[in-house]
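Notes follow once the structure below has been shown.
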Amino acid sequence: MAHDPWLEIRERADAVRREIETRLGVATPAPIVDAPEDKGAFALAAFGYAKALRRSPADIAKEAATVPAPAPFLALRADGGYVNFVLDPAAFAARVLASTQEMGESYGQSPVRPERVLLEHTSANPTGPLHVGRARNPIYGDALARTMRLAGYRVTTEYLVNDVGKQMVLQYWGTKRLTSQDVGPAEREKDDYRTVKFYQRATALMEGDPKVNGEVMALIQRFERGDAALTREVREVSEGVLRGILETLARIGVSYDSFFWESDLILDGSVRRVIDRLGGMSQEEDGARFLDLSEFGLEGDAAKYVFVTKLGTSLYTTRDIAYHLKKMERCDVGINVLGEDQKLTFSRLKAALRLMGVPWAPETIFYAFVGLPEGRLSTRKGRVVYLDDLLDEAVDRAYEEVRKRREDLSEERMREIAELVGVSAVRYNIARVQAEKRILFRWEEALSFEGSSAPFIQYSHARACGILEKAGALRKGNPALLVALAEQRLLRWIARFPSAVREAAETRRVHAIATFAADFAGVFNEFYRDCPVLTAEPELREARLALVDAARIVLQNALSSLGLKAPKEM
RNA sequence: GGGCCUGUAGUCUAGCCUGGAUAGGACAGAGGCCUCCGGAGCCUCUGACCUGGGUUCGAAUCCCAGCAGGCCCGCCA
């Protein structure tokens, strides 16, 4: 268990716990919890034993503490109703550094797990540039993929490209029938910005002109019948927009293992097959077909799930069912990152899958929307902040900061660092918040470079790198010398990193890593203040260098599991 | 009206799943720290669990009822 020193020590504590329980003669186990730092590594709460033993918790704790403590523990200490497991500082330091040195740059990595995970995220409709609201999806999804991989999961990421449906056909119609004079200039020279002008204009025209609506409806029906030539043309328009979106995502370090095109589900007949399979269980109304899902905890209109329109065309969820049937063949665990507006839709999808006798459904991570102080993001009302603009602004500001403090660097190097820092700051500020919580977008917060922020973590990393750079080659020091408070605290945080990664991966809560990383950076900064490294006595200096190197690796891997860069200087 | 989610200092946020020791951190505010490895840093002070019940030795955490905000209840995606 060299990969996880904290788990290893915890299991020793757990063995002691069992012995305590045998000695006390209690049947129901009490939990081992992390103790407050000044009390020990772990603690056993004796309160739970009190009732069965008819003795006071303090009394029980006192007796329990007489059980001998195995290495690396120094002693068990009774404190009120608790038994605290006190570590031997030298033994603890030796164990942690043995682990980090064995794992090297991959410290934090857990052994590979058997299940194949297919993580679908982003899947934004290619109808325009990514705005900060939608950006939460790839930022969260990509960080989850990275964190899960570090925890040992085999993860494939996928973007479901929606190139089907009224929006997409309308967008296609716009690019065919309108000219750039009709729609006006794009805000940026990118395909997503160019095409969205056509889309917006076409939407406006369709709303005011039934003739346009008729043309679009006719196109949709051709499309749904599997007109391969038309499908290809519509898809080409989508591809252009997607290219623009992916360009933006590449800038923040997000990419995908695969893409799935929704139109393929129509061309290969799988949407048709889903419709046929659901047909027998459905009811008809005005030519449309629907399922009654009131068996599945849905009520009223929410239980009425229409999957074929009166024109015989499929709907988004119908195609999503076809997609999921294919998806499940390719993985053991499916995870979807979705906006919270998809909740009902998704429970309908799961219900429909169950009606079809499919026992499998993906897990879902729903994130709440990003709002603006003045209200909801709305492209139509012009109340929108594009991710590209946010990134440009962040990088500009980072450049000012770099220039202020690093006159020694070349212009090119300053630009590089500004890009790393600015982009990371934006990602961190979105990733750090629990998914279910609503984010109100404020420029000052999105661009924050101090306190709990990516630059704060990156700065600690750069400091560690700076020390190691000056120190030269690492020699083996004596870890037993690392007994100062700040050293022990840092060791504790280093030890807990692999567990923190696994916990975040298992609960699919990547913001926990964001919190961990910022706390860790704070702990490292305190060590930096209290424990001079380069000027310490030779043996202590070597030991501290090993500690700094371990901390450097934790910072680097914590940053990378969030998809953030770890520059050596900034 | 119904369903789901969220309510923690002036502001933002962790802890809630799995109940346990003085509720952790950041911003803003006040005051301090570079003859010493990088001041995007560090230290000190101020300040919070939406309300009311319940369960429990013990509740920010679990349960119930309110209140406030968000999302949804399209033959859109």
Report yes if at least one side-chain N or O of [X] is closer than 4.0 Å to OP1 or OP2 of [N]; otherwise report no.
{"X": "A/Y49", "N": "B/rC57", "answer": "no"}
{"X": "A/R509", "N": "B/rG15", "answer": "yes"}
{"X": "A/N525", "N": "B/rG41", "answer": "no"}
{"X": "A/Q434", "N": "B/rC16", "answer": "no"}
{"X": "A/K304", "N": "B/rG74", "answer": "no"}
{"X": "A/R463", "N": "B/rG39", "answer": "yes"}
{"X": "A/H511", "N": "B/rG15", "answer": "yes"}
{"X": "A/K51", "N": "B/rC57", "answer": "yes"}

At under 4.0 Å between heavy atoms, what does [X] touch on the DNA or RNA strands: base, sugar-phosphate, or nothing?
{"X": "A/C531", "value": "base"}
{"X": "A/E400", "value": "nothing"}
{"X": "A/K310", "value": "base"}
{"X": "A/R319", "value": "sugar-phosphate"}
{"X": "A/V421", "value": "base"}
{"X": "A/G371", "value": "nothing"}
{"X": "A/E285", "value": "base"}
{"X": "A/A462", "value": "base"}
{"X": "A/M570", "value": "base"}
{"X": "A/R544", "value": "nothing"}
{"X": "A/T309", "value": "base"}
{"X": "A/V33", "value": "nothing"}

Of the options [options], whose atoms approach the side-chain atoms of [X] most closely?
{"X": "A/K39", "options": "B/rC57, B/rC37, B/rA21", "value": "B/rA21"}
{"X": "A/S452", "options": "B/rC75, B/rA26, B/rG38", "value": "B/rA26"}
{"X": "A/F456", "options": "B/rG41, B/rA21, B/rG38", "value": "B/rG41"}
{"X": "A/E526", "options": "B/rC43, B/rA14, B/rC27", "value": "B/rC43"}
{"X": "A/A43", "options": "B/rA14, B/rA21, B/rG38", "value": "B/rA21"}

Between [N] and [M], how many Å separate the two [atom1] atoms, rounded to a whole number?
{"N": "B/rG10", "M": "B/rC73", "atom1": "P", "value": "37 Å"}
{"N": "B/rG1", "M": "B/rC17", "atom1": "P", "value": "31 Å"}
{"N": "B/rC72", "M": "B/rC16", "atom1": "C1'", "value": "25 Å"}
{"N": "B/rA21", "M": "B/rA26", "atom1": "C1'", "value": "25 Å"}
{"N": "B/rC57", "M": "B/rG19", "atom1": "C1'", "value": "12 Å"}
{"N": "B/rC76", "M": "B/rC63", "atom1": "C1'", "value": "39 Å"}

For [N], give its Watson-Crick or G-U wobble partner with both distances under 3.5 Å, or none.
{"N": "B/rC4", "answer": "B/rG70"}
{"N": "B/rU18", "answer": "none"}
{"N": "B/rG10", "answer": "B/rC27"}
{"N": "B/rG58", "answer": "none"}
{"N": "B/rG38", "answer": "none"}

Under a 4.0 Å N-O cut-off, is there an ion pair linking [X] with [Y]?
{"X": "A/E503", "Y": "A/R496", "answer": "no"}
{"X": "A/E469", "Y": "A/K568", "answer": "no"}
{"X": "A/E419", "Y": "A/R415", "answer": "no"}
{"X": "A/E526", "Y": "A/R489", "answer": "yes"}
{"X": "A/R397", "Y": "A/E400", "answer": "no"}
{"X": "A/R552", "Y": "A/D549", "answer": "yes"}
{"X": "A/R17", "Y": "A/D14", "answer": "yes"}
{"X": "A/R348", "Y": "A/D320", "answer": "no"}

- Query: Taking the inter-plane angle between the rings of A/F85 and A/F42 on a 0 to 90° scale, is it parallel (under 30°), tilted (30 to 60°) or perpendicular (over 60°)?
  - Reply: perpendicular

- Message: Below 30° counts as parallel, above 60° as perpendicular, anything between as tilted: where do the rings of A/W493 and A/F516 land?
- Response: tilted

- Item | Gap between atoms CD and P, on A/Q458 and B/rG41 respectively (whole Å) | 12 Å

- Query: B/rA21 base to A/N84 side chain: any donor-acceptor pair below 3.5 Å?
  - Reply: yes

- Would you kindly compare A/E401 and A/T317 by the position of their nearest RNA chain B nucleotide and give the one closer to the 5′ end? A/E401

Pairs: protein N or O with nucleotides 70-73 of chain B N or O, under 3.5 Å:
residue	atom	partner	partner atom	Å
B/rG70	O2'	A/E340	OE2	3.4
B/rC71	OP1	A/R376	NH1	3.3
B/rC71	O4'	A/E340	OE2	3.4
B/rC71	O2'	A/E340	O	3.4
B/rC71	O2'	A/D341	N	3.4
B/rC72	OP1	A/R376	NH2	3.2
B/rC72	OP2	A/R376	NH1	3.4
B/rC73	O2'	A/A302	N	3.2

